[in-house]
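Right, one structure below, let's go through it.
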There are 2 protein chains.
Amino acid sequence: MIAHAQPELTKNQALVFGSLSDAGGPLTAYAILDLLRENGFRAPLQVYRALDKLVEYGMVHRLESLNAFVACSHKGCAEHGTAAFAICEICGDVSEFTPDEVIKLLKEWTQAEGFTLARTTIELRGTCRDCISQPN
Amino acid sequence: MIAHAQPELTKNQALVFGSLSDAGGPLTAYAILDLLRENGFRAPLQVYRALDKLVEYGMVHRLESLNAFVACSHKGCAEHGTAAFAICEICGDVSEFTPDEVIKLLKEWTQAEGFTLARTTIELRGTCRDCISQPN
DNA sequence: GGAAGTGGTGTTATATTATTACATACTTTC
DNA sequence: GAAAGTATGTAATAATATAACACCACTTCC
Ligand SMILES: [Zn+2]
Ligand SMILES: [Zn+2]
Ligand SMILES: [Zn+2]
Ligand SMILES: [Zn+2]
């Protein structure tokens, strides 16, 4: 079994990551703050600083169109390429996937343009299968 | 795609669209508000309401990762499919393009998943050709 | 040992982005 | 004209994010 060295998380980072993992879906920074008040969190910066690191480590993704954050859905958050997200506007469910062919095409575009790509945001908004089939 | 006849703009919509066109790049809602104070704008809602309509008409795009808005770069804002944006983090330049093959692949993914797609966000962050070649 | 550097934390205050709520006016439709 | 729909103006507030400063723990280097 290949063990990717997970970074050693600080107390606050571990608390924030735990909140997101337990939630099983996206949370805003302020929602995390409220969840962690009983753990001693008092200010938004405590959340944002932890999130910055977790995003840097690839363990958490930021959803730009929601201003929210979600734990990476991959087991152990093994490193993976750019992720895309399908966000259901009815139930709030978020599906993460890695559209490698899409990424490849976008990279080709950037190379043709001389654009140096740092990071890519792909977010699909719509209605998930369950919510479509539900009458309400 | 949806056929948008070029709609008749109201006074406020025309002012907001003019600001974005003149800017030639992305502006935040509050930057637009400041530009239009001399035209009688007093409150953010005047901007946001106009932007809502302009986005609906397809004449303006929202850049989720910037919380900003940009006039569609297509002449006369002719109808086009989902757009993607390459955003230079040095100079702020935004290039709009329509990666049809990428959109096609993403649609295939949503169809396989039973996800009903409403809208798609694709934003590339990085450094444009000019800023890479510049020493500073 | 001690200085300097680095990274995490705590706290207050503030900046930035977006919406709610309510009132007024005008137009279209019946 | 009444009703419905759309655009507007204004004040207040909500939601999201950062700046500034202080303190502590640890390491590195002399
Ligand atoms: Zn992931
Ligand atoms: Zn759903
Ligand atoms: Zn466009
Ligand atoms: Zn540039």
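The sequence lines fix the lettering, A, B, ..., with proteins before strands; numbering per chain opens at 1.
- The pair A/Glu101-B/Lys104 fails the salt-bridge criterion, with no side-chain N (NZ, NE, NH1 or NH2) lying under 4.0 Å from an Asp/Glu carboxylate O.
- Following rounding to the nearest Å, B/Leu45 (CG) and C/dA23 (C1') show an atom-to-atom distance of 13 Å.
- Classification of A/Arg37 and A/Asp34 as a salt-bridged pair holds, one side-chain N sitting under 4.0 Å from a carboxylate O.
- A straight line from CZ of A/Arg37 to P of C/dG10 spans 13 Å, rounded to a whole angstrom.
- Counting any heavy atom pair closer than 4.0 Å across all strands shown, B/Ala43 reaches a base atom.
- Regarding A/Leu33, its CG atom lies at a distance of 13 Å from the P atom of C/dT12, rounded to whole Å.
- Mapping B/Asn12 and B/Pro44 onto DNA chain D by nearest heavy atom places B/Asn12 at the nucleotide closer to the 5' end.
- Contact annotation: side chain of B/Tyr30 to base of C/dA18, donor-acceptor pair present below 3.5 Å.
- Within the 4.0 Å cut-off from OP1 or OP2 of C/dG7, not a single side-chain nitrogen or oxygen of A/Lys53 is found.
- Here A/Thr10 reaches the OP1 or OP2 of C/dT9: one of its side-chain N or O atoms lies under 4.0 Å away.
- For the pair A/Arg62 and D/dA17, the criterion of a side-chain N or O lying under 4.0 Å from OP1 or OP2 is met.
- Below the 3.5 angstrom threshold, one finds a donor paired with an acceptor across the side chain of A/Arg49 and the base of C/dG10.
- Remark: B/Asn67 is not in phosphate contact with D/dA17, judged by side-chain N or O atoms under 4.0 Å from OP1 or OP2.
- The interatomic distance linking A/Tyr48 (OH) with D/dA20 (P) rounds to 18 Å, in whole Å.
- More than 12 heavy atoms of other residues, nucleotides or ligands shown are found within 6.0 angstrom of CD on A/Glu56.
- Toward the 5' end of DNA chain C, the nearer of the two residues A/Lys11 and B/Thr28, judged by each one's closest nucleotide, is A/Lys11.
- Between C/dT9 and A/Gln46, no contact under 4.0 Å exists linking OP1 or OP2 to a side-chain N or O.
- Between the CG atom of B/Asp52 and the P atom of C/dT20 there is a distance of 11 Å, given to the nearest Å.
- With hydrogens and angles ignored, the 3.5 Å screen pairs a side-chain donor or acceptor of B/Arg125 with a backbone N or O of B/Ser65.
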Stepwise side-chain contact (heavy atoms from CB on, under 4.5 Å) test for B/Phe85 and B/Val70: CA-CA 10 Å; B/Phe85 302 89; B/Val70 67; 4.3 Å; yes
